[in-house]
Amino acid sequence: MPRLILLLAGLLLLVTPAAASPAISRLPVSDAAIQRTERIEAELVPMSAWVAPGSTALVAVRQAIQPGWHTYWRNPGDSGGATTLNWTLPAGVRAGDIVWPVPERQRLQSLMNYGYSGTVYLPVPVDIPADARPGTVLPLSVRALFLVCSDEMCVPDELTLTLDLTVRAGAAPLEPTHGPAIQRIVETAPRPAGITARYALEGGALTLSFAGGPLAGSAPAQAAFFPFEPGVIAHAAPQPGESGPDGLTLTLAAGGKATTAGLTGPVAGVLVTEDGAWEVEATAGPVLPGTTGGGTLEPTDDPAATGPIDWTAFARAMVFALLGGLILNLMPCVFPILAMKAASLTASAHDPAEARRDGLAFLLGVLSSFLILAGALLALRAGGQAIGWGFQLQSPAVIAALALLMLAVGLNLSGVFHVGAGIQGLAGTGPLSRLPGGVGAFFTGVLAVVVAAPCTAPFMAVALGVALLMPAPMALAVFLMLGLGLALPYLAVSLSPALLRRLPRPGPWMDRLKGVLAFPMYGTALWLVWVFSRQVGAEGLALLLAAALTFAFALWLFGLGQADRAIGRRGMGATVAGALALTLGTALVVFAVRSPAATVGAQATASALPSSVWSGEAVAAARAQGRPVLVNFTADWCVTCKINERAALSSPRVATALEAANAVYLVGDWTRRDDAITLELERHGRSGVPLYLIYTPGSDTPRILPQLLTEGLVIDAIQTSRP
């Protein structure tokens with residue numbers, strides 16, 4: 001009897017599909033078709049129960065995203081990466097582009113991203129060949145790459161999704177499980193609707209006006225614009241606007257691309273109101289009539305809103321900042337300044353009170369400078385500027401001033417003139433005599449920060465990248481912790497009597513040491529002059545060298561005046577002549593800074609290895625050819641970058657490895673401000689250079705190499721990137 005029951009059950013299972021009505025037939029979606037990671041579940045699903053020959057079917061990539069995670073729209077916004085699909089299809093079957101649903105505005109501290117959370121369908125039209133035979137099955141396969149991110153991290157999840165489409169004659173009903181949802185997405189997806197659009201760019205404001213089509217007479221209460229290209233608008237900025245009888249106008253903060261390179265073509269994107277979403281393409285022109293005067297639009301996003309504070313990330317950033325500041329003391333760009341201060345500490349080693357004063361003054365100078373630089377960086381970024389850490393050295397004026405300051409410090413150490421060396425200073429009784437002490441220690445701390453800022457020590461890049469995503473008070477705390485790390489060794493010695501007693505007593509050797517320490521200052525000045533020449537070209541270099549000569553002559557004259565006053569003379573002639581020379585030198589500096597800029601392309605290709613200028617298009621073109629890509633984001637004022645390039649990126653063995661892998665080497669030069677590079681650094685969680693990326697064929701997410709390179713590490717990265 002049990003065997004008879006099992007036999008009957010088996011017969012029923014075999015007969016049921018044949019007896020099913022075609023009107024309710026559907027494609028079974030087995031759980032085996034669903035692919036999962038810890039962050040996302042995805043599958044390829046149809047809108048219709050079957051497909052007809054010669055028709056256009058709709059299939060969709062369904063994403064079920066875990067809480068706290070999200071994926072991205074075609075323009076991810078300030079960070080992230082769009083979902084990409086790589087199809088494998090039967091002969092004659094063609095897949096179109098993704099029909100992107102309207103994205104969510106996803107705020108992450110000071111950033112604004114565009115993407116999706118929860119469950120979302122990405123429909124794709126699929127053309128079925130006319131010669132497809134009813135009763136056959138068309139196997140579809142797609143390799144989907146999702147960049148799945150939380151507030152703390154991003155993970156590239158690549159899943160291969162499959163679907164079998166049954167071919168039948170006649171119109172098909174909706175597939176019951178997913179068909180209605182896909183249909184709603186397709187019906188509400190943005191599409192052109194006869195809307196006329198104009199844009200005007202003035203200063204940092206981009207005015208967009210929209211008229212006609214479904215906007216005529218609609219009087220929307222809210223509106224938002226999502227551009228197709230990044231860098232056109234400041235994504236995180238509010239989007240105020242007003243309506244009119246025939247449309248509406250939005251006044252947006254221009255993005256880095258618009259403010260630096262301007263806008264030469266149309267501005268395309270999606271306009272969203274409560275009545276729908278439409279694809280629009282704005283051309284340059286004045287505000288359209290009938291798009292203003294009808295009332296102010298309600299804001300669609302609170303620009304001051306922030307996500308919950310992640311105290312773990314904050315604590316980790318503070319620790320990394322302290323470690324980065326400590327390591328910063330060993331970086332070559334900081335060493336000359338600290339060596340000079342170490343000599344000063346030796347001079348006061350056997351006066352504990354003076355040593356403590358110098359240590360605390362140096363700490364105050366470091367912290368004050370970090371606070372000012374960090375505050376300026378955060379304020380400029382909040383205003384929509386695309387800048388990163390070390391931004392001050394992207395200015396030729398700052399580079400020129402620092403070069404002349406280093407020259408002056410060197411001449412002071414060489415005895416050409418003396419700070420605070422008037423009659424009172426020599427007697428040790430007046431206020432000037434105190435300048436080389438506490439005030440001198442304070443300004444040495446200031447100078448150390450200004451010169452150290454472009455150096456990116458290990459741990460420091462991670463801390464700064466996280467800090468720039470935090471609320472301003474927390475970000476400033478991270479920067480101050482970085483300053484504490486930089487000043488801590490000097491402060492520890494100055495506050496420790498036991499360590500101070502181990503230092504040698506002052507004597508004639510200190511004058512010789514001062515003379516020796518002058519030469520690192522001259523070397524730093526020469527390096528800054530070279531950086532200046534890379535920013536402004538040969539004409540600017542000649543003018544700055546003339547200014548340096550004039551400044552040196554002025555300081556020598558001031559030194560003569562000091563010597564005359566020391567023996568009772570007035571020394572007015574030398575002082576007046578020095579002031580005139582200083583004025584002439586200042587004028588030469590102004591002309592040098594205003595000289596024509598150097599060619600960026602020439603800078604970027606000045607590499608020991610065969611290289612090309614970095615751009616997003618260059619990376620995409622190389623990857624489309626299936627070639628590995630090595631990207632070097634560098635700057636002439638970044639000493640760490642130059643050491644890496646000499647030690648690890650210029651050897652014949654690296655060149656051979658690049659050639660063997662058929663790899664492309666791209667150089668992004670950040671010596672002068674480049675908003676495209678700044679945004680790319682931000683995408684990878686960095687606020688400054690160096691940054692090294694290696695793209696492997698078949699993977700959209702690059703591998704980030706360490707900030708301190710070796711030849712073997714680079715060769716290994718190139719070899720493992722080969723397809």
Side-chain angles (χ1 to χ4, degrees), residues 73-75 77-78 99-107 112-114 187-305 382-385:
W73 188 54
R74 56 183 294 180
N75 170 14
D78 287 326
V99 179
W100 294 96
V102 175
E104 305 166 355
R105 290 165 64 86
Q106 299 168 333
R107 178 172 290 278
M112 179 67 74
N113 298 327
Y114 302 146
E187 290 175 349
T188 59
R191 65 194 64 200
I195 296 175
T196 303
R198 296 286 185 271
Y199 76 83
L201 179 63
E202 184 174 354
L206 178 65
T207 303
L208 290 168
S209 57
F210 310 94
L215 296 177
S218 64
Q222 290 184 327
F225 179 69
F226 298 87
F228 287 152
E229 291 187 45
V232 174
I233 67 171
H235 302 110
Q239 297 191 1
E242 56 181 313
S243 62
D246 197 40
L248 60 92
T249 296
L250 295 175
T251 303
L252 314 178
K257 176 182 176 182
T259 54
T260 56
L263 296 173
T264 56
V267 173
V270 172
L271 175 66
V272 181
T273 73
E274 64 267 31
D275 298 322
W278 307 277
E279 290 186 1
V280 293
E281 185 173 272
T283 56
V287 174
L288 292 168
T291 60
T292 59
T296 302
L297 297 175
E298 298 176 9
T300 57
D301 178 70
D302 177 9
Q385 298 294 312

If you look only at distance, which donor and acceptor atoms sit under 3.5 Å apart when one is on a side chain in residues 246-255 and the other is two or more places apart or in another chain?
from   : atom 1 : to     : atom 2 : distance (Å)
Thr249 : OG1    : Thr291 : O      : 3.1
Thr249 : OG1    : Thr291 : OG1    : 2.9

Closest heavy-atom pair, Ile233 versus Gln239, reported as atoms and distance to 0.1 Å, is CD1-NE2, 3.7 Å

Of Phe228, Phe226, Trp100, the one forming a ring pair (Phe, Tyr, Trp, His ring centres under 6.0 Å) with Tyr114 is Phe226

Correct closest heavy-atom pair for Asn75 and Pro227 would be ND2-O, 2.9 Å

What one should report as the nearest heavy-atom pair of Arg105 and His235 is NH2-O, 3.9 Å

Would you tabulate the side-chain donor-acceptor contacts of residues 272-289 under 3.5 Å, counting partners in other chains and residues two or more places apart, or write 'none'?
from   : atom 1 : to     : atom 2 : distance (Å)
Thr273 : OG1    : Asp275 : N      : 3.1
Glu274 : OE1    : Gln222 : N      : 3.3
Glu274 : OE2    : Ala221 : N      : 2.6
Thr283 : OG1    : Arg198 : NH1    : 3.3

In short, Gln106 meets Glu104 closest at the heavy-atom pair NE2-OE1, 3.4 Å

Okay, side chain of Asp78, backbone of Asn113: is any donor-acceptor separation there less than 3.5 Å? no

Heavy-atom nearest pair, Leu215 first then Ser218, reads O-OG, 2.9 Å

Any non-hydrogen side-chain atom of Pro190 less than 4.5 Å from a side-chain atom of Val102?
yes

request  = Taking the side chain as every heavy atom from C-beta outward, state whether Phe210 and Thr196 have any atom pair closer than 4.5 Å.
outcome  = no

Residues 204-215 vs salt bridge (Lys or Arg N to Asp or Glu O under 4.0 Å), sequence neighbours excluded, gives none

Value for CD (Glu229) from CZ (Arg74), rounded to nearest 0.5 Å, stands at 9.0 Å

